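Take a look at the structure below.
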Amino acid sequence: MKKRAIVTGGSGFIGSYLVKLLVNDCNFEVLNIDNLTYASHPKALKEVESLDSYKFLKTDICNNTVILKAIEDFKPTVIFHLAAESHVDRSIESSDPFIHSNILGTHSMLKASLSYWEKNNKPESFRFIHVSTDEVYGSLSFEDPAVDENAPYKPSSPYSASKASSDLLVNAWTNTYGLPAIITHCTNNYGEYQHDEKLIPTIIRTALHGSPIPIYGKGTNIRDWLYVGDHCQALVEVFEKGLLGECYNICGSQPFSNMQMAYKICDLLGQFEPRQDKAQYSNQITFVADRLGHDVRYAVNDSKIKKTIGWMPKLPFEERLMQTVKWFLKEYYERNHLSGGKRDSSVSSDKVHL
């Protein structure tokens, strides 16, 4: 008998990859619950949308009645809760959507999940996997050691504060009601189908458009980079082997400054799509005014998931980054071809987003 998974936010960047992994490789029946906001990418699910093992429900996760009925009807073995507003700049400009989705939405999912679990005699196999971020730990200096799962929360932005709040709600539902939940904290994801506003797509499309490649401040801020497929494989293994009530850090162990990442991508673009004038794409790099409260560095220690669960990234970072750049080159070429232009000015941007 197939296991059943609900994935909230399953039409987003990470969620869509997880849905495909569960359906194609793990023999799951999947219900994708997504409100199809600006960050969704339905095209990413074309290969599974006609399969009997895939179902879709468009709704706001704050809609308690609809969510409870969906869970009770589908009878999931596991709920992977990914639905969230995740853009730091947007949270600084307007925090309301982040409070709504990340805090109230998680509250709604927890209430419905607990009701379902209790009504079905608390099945031991059921899991609630809450997907969070390394940003809840706050900014580190360049000298600070990577933080483990016992580090205190020190969120800086409205986004990270809302995610920290959702984590605390999950812990409360586990400690008070016994809901079988696990929390994961991932670092910066990258890969195919990532939203245009994120760093890697922004670098690629502004470079191809011949526009300035915008980098915040001096470009010294450091992030760890995790391929989306490796992240999703980790989530499946956490469901299968993780201990209830625990947290697991998931990272790629690939820390780079924004400038280093920009140069890596510019070098790859020079190999695959050289400029007609033979100039270096890196000549287009331009520094812009820094983000408010821009965290200097994130770094997590992932020894726990490696030692207790045995998860490891599958392929080297360089191979995954090359794969990602090639995918975006093809994606942007197809967009431009359909629009009849060599370069698509509609996707130009004047900000780098992380």
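Quick note: residue numbers are just sequence positions, from 1. None of the values given here were measured: they were computed from a predicted structure.
Annotation: side chain of Y333 is not in contact with side chain of E273 (no heavy-atom distance under 4.5 Å). Looking only at side-chain heavy atoms (C-beta outward), D134 and D224 stay at 4.5 Å or farther from each other. Under the 4.5 Å side-chain criterion, counting only non-hydrogen atoms from C-beta, W311 is in contact with P313.
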Please assess R320 against W225 for the test side chain to side chain contact (heavy atoms under 4.5 Å, CB included), listing each intermediate value before the final yes or no.
CA-CA 10 Å; R320 292 298 197 190; W225 293 91; over 6 Å; no

Checking side chain to side chain contact (heavy atoms under 4.5 Å, CB included) for the pair N249/Y137: CA distance, chi angles, key distance, verdict?
CA-CA 11 Å; N249 290 337; Y137 299 123; 3.0 Å; yes

Criterion side chain to side chain contact (heavy atoms under 4.5 Å, CB included) on M259 and I285, from CA distance to verdict:
CA-CA 9 Å; M259 276 297 289; I285 293 174; 3.8 Å; yes

Please test R90 against E85 for salt bridge (Lys or Arg N to Asp or Glu O under 4.0 Å), starting from the C-alpha separation and ending with a verdict.
CA-CA 9 Å; R90 288 177 184 268; E85 292 284 342; over 6 Å; no

Taking it one step at a time, do F128 and H81 satisfy side chain to side chain contact (heavy atoms under 4.5 Å, CB included)?
CA-CA 7 Å; F128 184 96; H81 179 42; 3.8 Å; yes

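Considering only residues two or more places apart in sequence or on other chains, N301 meets the side chain to side chain contact (heavy atoms under 4.5 Å, CB included) condition with A146, D148, S303. Considering only residues two or more places apart in sequence or on other chains, K330 meets the side chain to side chain contact (heavy atoms under 4.5 Å, CB included) condition with E334. Residues satisfying the ring pair (Phe, Tyr, Trp, His ring centres under 6.0 Å) criterion with H41, sequence neighbours excluded, are Y193. Listed by chain and number, the residues in a side-chain hydrogen bond (donor to acceptor under 3.5 Å, both in side chains) with H231 are N189 (sequence neighbours excluded). For S141, the side-chain hydrogen bond (donor to acceptor under 3.5 Å, both in side chains) partners at least two apart in sequence or on another chain are E143, D144. Applying the side-chain hydrogen bond (donor to acceptor under 3.5 Å, both in side chains) criterion to D277, with sequence neighbours excluded, gives R275. Evaluation of the side-chain hydrogen bond (donor to acceptor under 3.5 Å, both in side chains) rule for Y190 yields no partner, not counting sequence neighbours. Taking E246 as the reference, K304 meet the salt bridge (charged side-chain N to carboxylate O under 4.0 Å, His left out) condition, with sequence neighbours excluded. Among residues two or more places apart in sequence or in another chain, the side chain to side chain contact (heavy atoms under 4.5 Å, CB included) test is passed with R4 by E29, F74, T77.
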Exercise answer: donor-acceptor pairs, residues 45-54 side-chain atoms, under 3.5 Å, sequence neighbours excluded:
residue : atom : partner : partner atom : Å
E47     : OE2  : N24     : ND2          : 2.9
Y54     : OH   : N32     : ND2          : 3.0

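Atom CG in D89 sits 9.5 Å away from atom OG in S157 (nearest 0.5 Å). In this structure, OG1 in T133 is found 11.0 Å from CD1 in I250, a value given to the nearest 0.5 Å. Atom OG1 of T324 and atom CD of E319 lie 10.5 Å apart (nearest 0.5 Å). Considering NE2 of H294 and CD1 of I92, their distance stands at 9.0 Å, rounded to 0.5 Å. Expressed to the nearest 0.5 Å, how far CZ of R297 lies from CG of L140 amounts to 5.0 Å. Taken from CG in L268 to CG in L321, the straight-line distance is 5.5 Å, to the nearest 0.5 Å.
For the pair L244 and I182, the tightest heavy-atom approach, listed with the atom from each and the gap, is CA-CG1, 4.1 Å. Across D196 and T202, no two heavy atoms sit closer than the pair O-OG1, 3.1 Å. In this structure, L269 and A207 approach most closely via the heavy-atom pair CD1-CB, 3.6 Å. Of all non-hydrogen atoms in I79 and F126, the two that sit nearest each other are CD1-CZ, 3.9 Å. Nearest approach of S160 to V136, heavy atoms of both residues: O-CG1, 3.9 Å. Counting all heavy atoms, side chain and backbone alike, D167 lies closest to S132 at OD1-OG, 2.9 Å.
In this structure, F328 and Y332 have tilted ring planes: the angle between them lies in the 30° to 60° band.
Looking at Y216 and N221, their side chains never bring a donor and an acceptor atom within 3.5 Å of each other. Checking Y227 against Q323 by side-chain atom types alone, a donor-acceptor pair falls below 3.5 Å. When only modelled atom types and interatomic distance are considered, E197 and Y38 share a side-chain donor-acceptor pair under 3.5 Å.
V23 and I33 are assigned to two separate hydrophobic clusters, defined by single-linkage of ILVMFWY side chains at heavy-atom distances under 4.5 Å. Linking ILVMFWY side-chain heavy atoms closer than 4.5 Å, directly or via other members, places L168 and I183 in two distinct hydrophobic clusters. Follow the hydrophobic side-chain contacts under 4.5 Å out from M312 and you never reach V236; the two are in separate clusters.
Between the side chain of D302 and the backbone N or O of G252 there is no donor-acceptor pair closer than 3.5 Å. Judged by distance alone, the side chain of S108 and the main-chain N or O of I61 form a donor-acceptor pair under 3.5 Å. Distance alone, capped at 3.5 Å, places no donor-acceptor pair between the Y116 side chain and the A70 backbone. Side-chain atoms of T106 never come within 3.5 Å of backbone atoms of I103 as a donor-acceptor pair (strictly under, hydrogens ignored). Within the 3.5 Å criterion, the main-chain N or O of Q284 finds a donor-acceptor partner in the side chain of T286. The backbone N or O of K111 lies less than 3.5 Å from no partner atom in the side chain of S115, so there is not a single donor-acceptor pair. One N or O on the side chain of D34 and one on the backbone of S11 form a donor-acceptor pair closer than 3.5 Å. Of the possible donor and acceptor atoms, one in the side chain of S91 sits under 3.5 Å from a partner among the backbone N and O of V88.
Residue-environment remark: NZ (K218) stays at or below the threshold of 12 foreign heavy atoms within 6.0 Å. Atom NZ of K69 has 12 or fewer heavy atoms from other residues, nucleotides or ligands within 6.0 Å. Sparse packing is recorded around CD of E124, with 12 or fewer heavy atoms of other residues, nucleotides or ligands lying under 6.0 Å away. The number of heavy atoms from other shown groups lying within 6.0 Å of CD (Q280) does not exceed 12.
Screening E135, K198, K163 for a side-chain contact (heavy atoms from CB on, under 4.5 Å) with S86, the sole residue that qualifies is K198.
Cluster partners of F142, by chain and number: I222, V296. The rule joins Ile, Leu, Val, Met, Phe, Trp and Tyr whenever side-chain heavy atoms lie under 4.5 Å apart.
Sorted by first and then second residue, the side-chain hydrogen bond (donor to acceptor under 3.5 Å, both in side chains) pairs with a member in residues 171-184 form an empty list; sequence neighbours excluded.
Using a 4.0 Å cut-off between charged nitrogen and carboxylate oxygen, K43 and E331 count as a salt-bridge pair.
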